[in-house]
Chemist: 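The structure is given below, and queries will be raised subsequently.
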Amino acid sequence: MYDWLGAGLRYRLTLATGVLECLCFAGVLFGYASLVFVLKEDGYFSQLCVNCSRQDEQFSLVFTVAAFLNNFLNLINGYLFDRFGTMVTRLLGICLYTTGTLLLAFSSAAFSELLFPALSFIAVGGILLLLTNMQVGNLFAAHRSTVITLYNGAFDSSACVFLIIKVLHEQGISLRSSLLVVSFCSALHLARTFLLMPRTYIPYTPPQHYTYGLNCGKSNSYNVERFEGTRDGAMTSLQESSGRDDVPAARQDGTQGTKCQASFRSCVLSWFFLWHLLWLSIIQLRHYLFIGTLNPMLNRLADNDPDLVSQYTNAFAITQLCGVLCAPWNGLIMDRHKGKPLAPGETEQEADLNSSSLSLFLTSLQCLLFSVCASVPLLPLQYITFVLQVLNRSFLYGGNAAFISIAFPARHFGKLYGLVMSMSALVSLLQYPCFTLVKGALGGDPFFVDVALIVVSLLGFMHPAYVFTHCRRAARKREDSAQKDVANS
């Protein structure tokens, strides 16, 4: 069948348009601090202004609910993606996203409660767009982790969209007008769904001349499940004939098995998954609490000077744009071994895991530094906090997706990604009681909460330590096996 674009050009267009989609739409929720500034000016929750802390609590609660659903529903999202494929998942995401932007556009101070469903729909719709885009990394095998982290960085940088809306609002353009434009852009998402995305999903690695989308009005998709089943069967036969497992699975007992044959249950019960869940939950909680309380924190440090608060809010939003530039560095760290010869007896997955340990360590270190800076009540220091926050956040989510794609079978990616995000969402709910504690019993001083978060963030170093020691044990086993082979010969 004639491919009117050509496979290479189609791959590059899919990559580029996916970056733009994530950059301009998918993660706008995390520019919430800029949106809050606009909403306060428009009088949202103004009936609570007799007690400003109550108004801040409502805005914090809106973000808490939206951020929770953004992650918690990923378990369902992952199942939908694995079960029904890309097209169905994207159509659902586009529907939710458009509904959310329209609800936000037609909300008002009199109907402030519409913020709850509006931001929640935008969050869930955006994460569905990201979920379906990350598979594009499978088209570029040598740079798979780099592509995945690039998409997550673009997702982070889309927080700047609400900054643009804030600047336009200051120039006299209403929030409704800006959001209607965003809503109409859903037509572009639909066009990309049918023209530049597969109906099911992209296999890793794709067969020769693999294509997708519409070709001359007809679909030309491979049967991915049949292809992967054939490939996995061939790998299993090869392993049985060679008498060893070429791809170690992440099992709880530390033994090795065949990665492509690992069950979903064995993946969930593995130490890799459990340590990864703890790592993600701790760092994510720190970020959510920071974003959700940024506006009241800036008001406190700036003595409620609106111009100063606006200046720092803009600075924060601008730094978010750098996420798309920071995230690929994490991917390059994880892909730094690609193209180099493997050690004797070393598998590709073991090499990938070994490279990922450095990425996990750097992400934990960034979180610690970010937490320390955020706890210092010095306004100019927050510029450094903003830089560390966007750097850490871009490493966190790109590294999260890349590690799951490395450590576990591709056929479980959607479910495992959804499960880890859903379970970490339960931990993220702690941000609201933390905020309430600061505003209430602690009299607005977050010092003790900040110190507690710094101590908890130290637990994040356990994950890279476990991965590193696992790789060292595997290397020693290979050396012992090689020495025995030499002795026997």
Side-chain angles (χ1 to χ4, degrees), residues 24-73 92-129 158-187 189 288 291-296 299 306 309-310 313 317 425 428-429 431-432 435-436 439:
C24 298
F25 303 97
V28 296
L29 171 68
F30 299 100
Y32 185 67
S34 298
L35 179 64
V36 167
F37 196 90
V38 174
L39 295 175
K40 283 186 174 181
E41 286 192 347
D42 286 353
Y44 283 72
F45 297 119
S46 57
Q47 71 275 16
L48 302 175
C49 276
V50 293
N51 184 349
C52 288
S53 66
R54 285 287 299 146
Q55 186 187 30
D56 287 336
E57 282 182 19
Q58 284 299 304
F59 282 123
S60 179
L61 184 59
V62 169
F63 180 77
T64 299
V65 171
F68 169 74
L69 293 176
N70 174 73
N71 284 351
F72 186 73
L73 293 182
L92 175 61
I94 294 168
C95 179
L96 290 172
Y97 192 91
T98 307
T99 301
T101 54
L102 289 174
L103 282 174
L104 186 55
F106 290 102
S107 65
S108 64
F111 298 98
S112 301
E113 289 73 17
L114 283 178
L115 293 178
F116 287 95
L119 271 296
S120 297
F121 285 161
I122 290 173
V124 177
I127 200 70
L128 284 170
L129 294 178
S158 63
C160 71
V161 171
F162 279 148
L163 169 63
I164 296 172
I165 290 176
K166 173 181 176 291
V167 172
L168 292 175
H169 187 269
E170 293 170 346
Q171 300 303 314
I173 298 176
S174 68
L175 178 63
R176 177 172 299 178
S177 298
S178 297
L179 288 167
L180 286 176
V181 172
V182 174
S183 300
F184 292 145
C185 288
S186 293
H189 304 320
Y288 278 8
I291 295 172
T293 61
L294 180 61
N295 185 264
N299 274 295
V309 172
S310 178
T313 301
S428 72
L429 287 176
Q431 64 181 298
Y432 186 69
F435 179 81
T436 304
K439 285 291 184 179

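None of the values given here were measured: they were computed from a predicted structure.
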Chemist: Take Tyr288 and Asn71, measure what side-chain contact (heavy atoms from CB on, under 4.5 Å) needs, and give me the verdict at the end.
Modeler: CA-CA 12 Å; Tyr288 278 8; Asn71 284 351; 3.1 Å; yes
Chemist: Taking all non-hydrogen atoms of both residues, which atom of Leu96 and which atom of Phe121 are closest, and how far apart?
Modeler: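 The pair with the smallest heavy-atom distance is O-CB, 3.3 Å.
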Chemist: Does Thr98 offer a backbone N or O that forms a donor-acceptor pair with the side chain of Thr101 under 3.5 Å?
Modeler: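 Between the backbone of Thr98 and the side chain of Thr101 there is a qualifying donor-acceptor contact (under 3.5 Å).
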Chemist: With heavy-atom distances below 4.5 Å as the criterion, would you say the side chains of Ile165 and Ser34 are in contact?
Modeler: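 In short, these two side chains do not touch, never coming nearer than 4.5 Å.
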Chemist: Do Leu35 and Leu175 touch side chain to side chain, with heavy atoms closer than 4.5 Å?
Modeler: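 They are in contact (side-chain heavy atoms under 4.5 Å apart), so the answer is yes.
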Chemist: Within this structure, what is the CZ-CG distance for the pair Phe106 and Leu114, rounded to the nearest 0.5 Å?
Modeler: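 It is 11.5 Å, given to the nearest 0.5 Å.
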Chemist: With no hydrogens and no angle check, do the side chains of Ser310 and Lys166 hold a donor and an acceptor under 3.5 Å apart?
Modeler: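 Note: Ser310 and Lys166 side chains meet the donor-acceptor criterion.
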Chemist: Can you measure from CD1 (Ile122) to CD1 (Ile127) and round to the nearest 0.5 angstrom?
Modeler: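 So the gap between those two atoms works out to 14.0 Å.
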Chemist: Using a 6.0 Å cut-off, check whether atom OH of Tyr432 has over 12 heavy atoms from anything other than its own residue.
Modeler: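 Correct, the count exceeds 12.
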Chemist: Just checking, any donor-acceptor pair under 3.5 angstrom between side chains of Ser177 and Ser174?
Modeler: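 Result is yes, a qualifying pair exists.
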Chemist: Would you give the length of the straight line joining atom OG1 of Thr293 to atom NZ of Lys439, rounded to the nearest 0.5 angstrom?
Modeler: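 Output value for this atom pair is 9.0 Å.
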Chemist: Distance check, rounded to the nearest 0.5 Å: Leu179 atom CG versus Leu102 atom CG?
Modeler: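 The distance works out to 9.0 Å.
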Chemist: Quick one: closest heavy-atom pair of Phe68 and Ser428, and the distance?
Modeler: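 Smallest heavy-atom distance, with atoms named: CA-OG, 4.3 Å.
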Chemist: Of the non-hydrogen atoms in Leu29 and Ala66, which two are nearest, and what is the gap between them?
Modeler: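 So the two residues come closest at CD1-CB, 3.8 Å.
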Chemist: Tell me, do Phe63 and Gln431 make a side-chain contact under 4.5 Å, heavy atoms counted?
Modeler: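 Yes; the side chains approach each other to less than 4.5 Å.
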Chemist: Please check this pair: side chain of Tyr97 against backbone of Phe25, looking for a donor-acceptor N/O pair closer than 3.5 Å.
Modeler: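 At least one qualifying donor-acceptor pair exists.
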Chemist: Which pair of non-hydrogen atoms, one from Ala109 and one from Asp42, has the smallest distance, and what is that distance?
Modeler: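 The pair with the smallest heavy-atom distance is CB-O, 3.6 Å.
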Chemist: Is any side-chain heavy atom of Leu69 closer than 4.5 Å to one of Leu119?
Modeler: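 SC-SC contact between Leu119 and Leu69 ruled out.
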Chemist: I need the Gln47 CD to Arg54 CZ distance, nearest 0.5 Å.
Modeler: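 Here the interatomic distance stands at 9.5 Å.
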Chemist: How far apart are the closest heavy atoms of Ala33 and Leu294, and which atoms are they?
Modeler: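 In terms of heavy atoms, the two residues are closest at CB-CD2, 3.7 Å.
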Chemist: Who pairs with Phe59 by ring-ring contact (aromatic ring centres under 6.0 Å, His included), at least two apart in sequence or on another chain?
Modeler: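 Partners of Phe59 by the ring-ring contact (aromatic ring centres under 6.0 Å, His included) criterion, ordered by chain and then number, come out as Phe45.
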Chemist: So which pairs with a foot in residues 106-123 pass side-chain hydrogen bond (donor to acceptor under 3.5 Å, both in side chains), sequence neighbours left out?
Modeler: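 For residues 106-123, and leaving out neighbouring residues, the side-chain hydrogen bond (donor to acceptor under 3.5 Å, both in side chains) pairs sorted by first residue read Tyr44-Ser107.
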Chemist: What I want to find out is whether Lys40 reaches Asp56 closely enough, with some N-O distance under 4.0 Å, to be called a salt bridge.
Modeler: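 So Lys40 pairs with Asp56 through a salt bridge.
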Chemist: At what distance, to the nearest 0.5 angstrom, does CG of Leu163 lie from OG of Ser158?
Modeler: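 Here the rounded value is 12.5 Å.
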Chemist: Of all the heavy-atom pairs spanning Ala118 and Leu103, show the shortest one and how long it is.
Modeler: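 Smallest interatomic distance, heavy atoms only, reads CB-CB, 3.8 Å.
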Chemist: Got Phe37 and Glu170 here, is their nearest side-chain heavy-atom distance under 4.5 Å?
Modeler: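 SC-SC contact between Phe37 and Glu170 confirmed.
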